[in-house]
Chemist: 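Just passing along the structure, written as structure tokens.
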Amino acid sequence: MAISMTYKVAVVGAGFGGIGMGVGLRRAGITDFVIFERDGDVGGVWRDNTYPGCSCDVPSHLYSFSFAPYRSRRIRYPRQAEILEYLRRVAADHGLVPHLRLGTAIREASYLETEGGWELTTSDGRRVVAEVVIFAVGQLHRPSIPDLAGRADFAGPSFHSARWDHDQDLHGRDVAVIGTGSSAAQMLPTLATKARRVRVFQRTPHWVLPKPPADFGPLARTALRLPGAHHLYRRVLYYGSDAVLAPIMRRGWSARPAEWAARRYLHNRIADPRLRAKLTPDYPIGGKRIIFDSHYYSALARENVELITDPIARITRDGVRTADGAHHAADVIIYATGFRAPEFLVPITVRGRGGVLLHDQWRSGATALLGMAVPGYPNAFLIAGPNSFNPAGSNPGMKECQVDYIVRCLHWRDRIGASAIEVRETAMREHQQWLEQAVTKTVWPAMGPNCWYKHDSGRVTNPWPASARAFDRALRRPPSESFRAVPPDPANPTDPAASEPAAGIHSE
Ligand code: NAP
């Protein structure tokens, strides 16, 4: 018996990707869709991360959707609360509220061979059927807490940076911060003014570059009054980050000016040569996400802040013991230890054609055409999937490119009268070959295992290895070049595009 579709499209996740997708669908005239969100609010990482000092190191004019541009003459870099408010407003202004199913996590997604659609199972066992499923769960949503010896023995409060315990008053307490990535760097200046003592445990130093003040000065505010100034500023930021920041990840001379600037900055900010040596990375700039922050080094140089670089041996009842035998007292431990970024779509079980498990296919690292679609999984799309994180620019912008492409795929599917479309093997292979070649030109393959850009297998699975413009260009190509129609029923094959050869989708 045929199963009737509940929805045309089911979107999973209501962060930047899911909200952008919802708006894209509505703007395309598709209103029969639902957005599932495991939490009780929209916002994704900007809802989850509420640590003190949480903000975005990408300017708000760029870190926003083109269809809902930031028009602030005050804010240059948005704080967490402002971004969360922005996403709530976009959802409300674009009529997404009736489509939201908050507090509904998706546990399983299975392709329905006969109907060419997807059956989704929620964590409380309900079933929903949709023609198309779009996973927009992001890359940085599952906290990673290292399994350090003795972790359970700690008697005081401990929590991850993305699960901040606001009931804990840190005034006058000894705080241990494990990790020195962007989250730790952003929280440290506030923690240092509250806590009695902050001990920062660093395994690997990050490269740090300063950034301008969070708010615009009087001159910029006046300039932003001019007609077209906001739009022009966004364009300058877009092309500027492509021209200045994207080359930093490449091997060779193109990163040297940035590395020189980072060394100068460290030299100017940290007077103590021993501390400076501890903070100097031994890998090329761009190997890990650069920290853009102007207050981290000065916070580290405070009297009540200590940087500890001896490896952690174990957590004790009342602190952290390092491999040199020293014990560092702590009332509270904060794990600023990042996310399980290479584990795409976990914990959702995804079954494609023939019941094949997506995570079996991804055992040695996730792959997807432009971070967006996988052969064998018809009518399924990802936003911010493998190798589509932009370490040098705006991720909302990358997601918007994927949203536009997915909408065009849906229109193409309707136009050719197919119930399901999927990426051709040839297009996927060609993309993967290009990607692997592009990755060899970056500094990432030489990085060790402690880098969230890489899967345990050593494969670079998370960042996009070229410019934002190259991503945009690749996603402007017609879907017919990379997708094919899947016959819904063997007795009625409709595969008008199946015989077309895959064309080159990358022009860089
Ligand atoms: P992260 O960059 O992955 O940093 C995690 C830190 O924890 C690293 O210093 C890491 O050391 C350390 N760590 C992990 N396991 C450890 C262990 N077993 N022992 C000791 N140290 C350990 O995480 P994050 O700071 O939360 O940032 C994650 C990403 O979120 C960033 O890269 C960025 O893309 C994004 N973010 C963006 C902003 C923004 O303003 N746009 C702000 C915050 C975060 P190793 O380096 O040695 O692994």
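One-based numbering, in listed order, for ligands and for the atoms of each.
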Chemist: Answer yes or no: are there more than 12 heavy-atom neighbours, outside H231 itself, under 6.0 Å from its atom NE2?
Modeler: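 No.
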Chemist: Just do the ring pair (Phe, Tyr, Trp, His ring centres under 6.0 Å) check on Y296 and Y265 with the steps written out, would you?
Modeler: CA-CA 12 Å; Y296 177 52; Y265 179 61; 9.9 Å; no
Chemist: Name the residue from F216, Y238, Y70 that meets the ring pair (Phe, Tyr, Trp, His ring centres under 6.0 Å) definition with Y233.
Modeler: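 Single ring pair (Phe, Tyr, Trp, His ring centres under 6.0 Å) partner of Y233 among F216, Y238, Y70: F216.
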Chemist: Going by atom type alone, with no hydrogens or angles, which donor-acceptor pairs under 3.5 Å involve a side-chain atom of residues 277-285 and a protein atom two or more places apart or on another chain?
Modeler:
unit_1 : atom_1 : unit_2 : atom_2 : d
K278   : NZ     : L307   : O      : 3.4
T280   : OG1    : R276   : O      : 2.7
Y283   : OH     : P205   : O      : 2.8

Chemist: Given side chains that start at C-beta, do those of R203 and T180 come closer than 4.5 Å, heavy atoms only?
Modeler: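 Answer no - side chains too far apart.
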Chemist: Pairs under 3.5 Å, N/O atoms on ligand 1 and on the protein: can you put them in a table with the distances?
Modeler:
unit_1   : atom_1 : unit_2 : atom_2 : d
ligand 1 : 7 (O)  : A336   : O      : 3.2
ligand 1 : 9 (O)  : T180   : N      : 2.8
ligand 1 : 9 (O)  : T180   : OG1    : 3.4
ligand 1 : 15 (N) : R203   : NH2    : 3.4
ligand 1 : 18 (N) : R203   : NH1    : 3.3
ligand 1 : 25 (O) : S182   : N      : 3.0
ligand 1 : 25 (O) : S183   : N      : 2.9
ligand 1 : 25 (O) : S183   : OG     : 3.3
ligand 1 : 26 (O) : S183   : OG     : 2.6
ligand 1 : 32 (O) : W452   : NE1    : 2.9
ligand 1 : 40 (O) : S55    : O      : 3.1
ligand 1 : 40 (O) : D57    : N      : 2.8
ligand 1 : 40 (O) : D57    : OD1    : 3.3
ligand 1 : 40 (O) : Q186   : NE2    : 3.1
ligand 1 : 41 (N) : D57    : OD1    : 2.9
ligand 1 : 41 (N) : R289   : NH2    : 3.4
ligand 1 : 46 (O) : K288   : NZ     : 2.6
ligand 1 : 47 (O) : R203   : NE     : 2.9
ligand 1 : 47 (O) : T204   : OG1    : 2.4
ligand 1 : 48 (O) : R203   : NH2    : 2.9

Chemist: Regarding D57 and R79, does a basic nitrogen lie under 4.0 Å from an acidic carboxylate oxygen?
Modeler: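 Here D57 does not pair with R79 in a salt bridge, since their nearest N and O are not under 4.0 Å apart.
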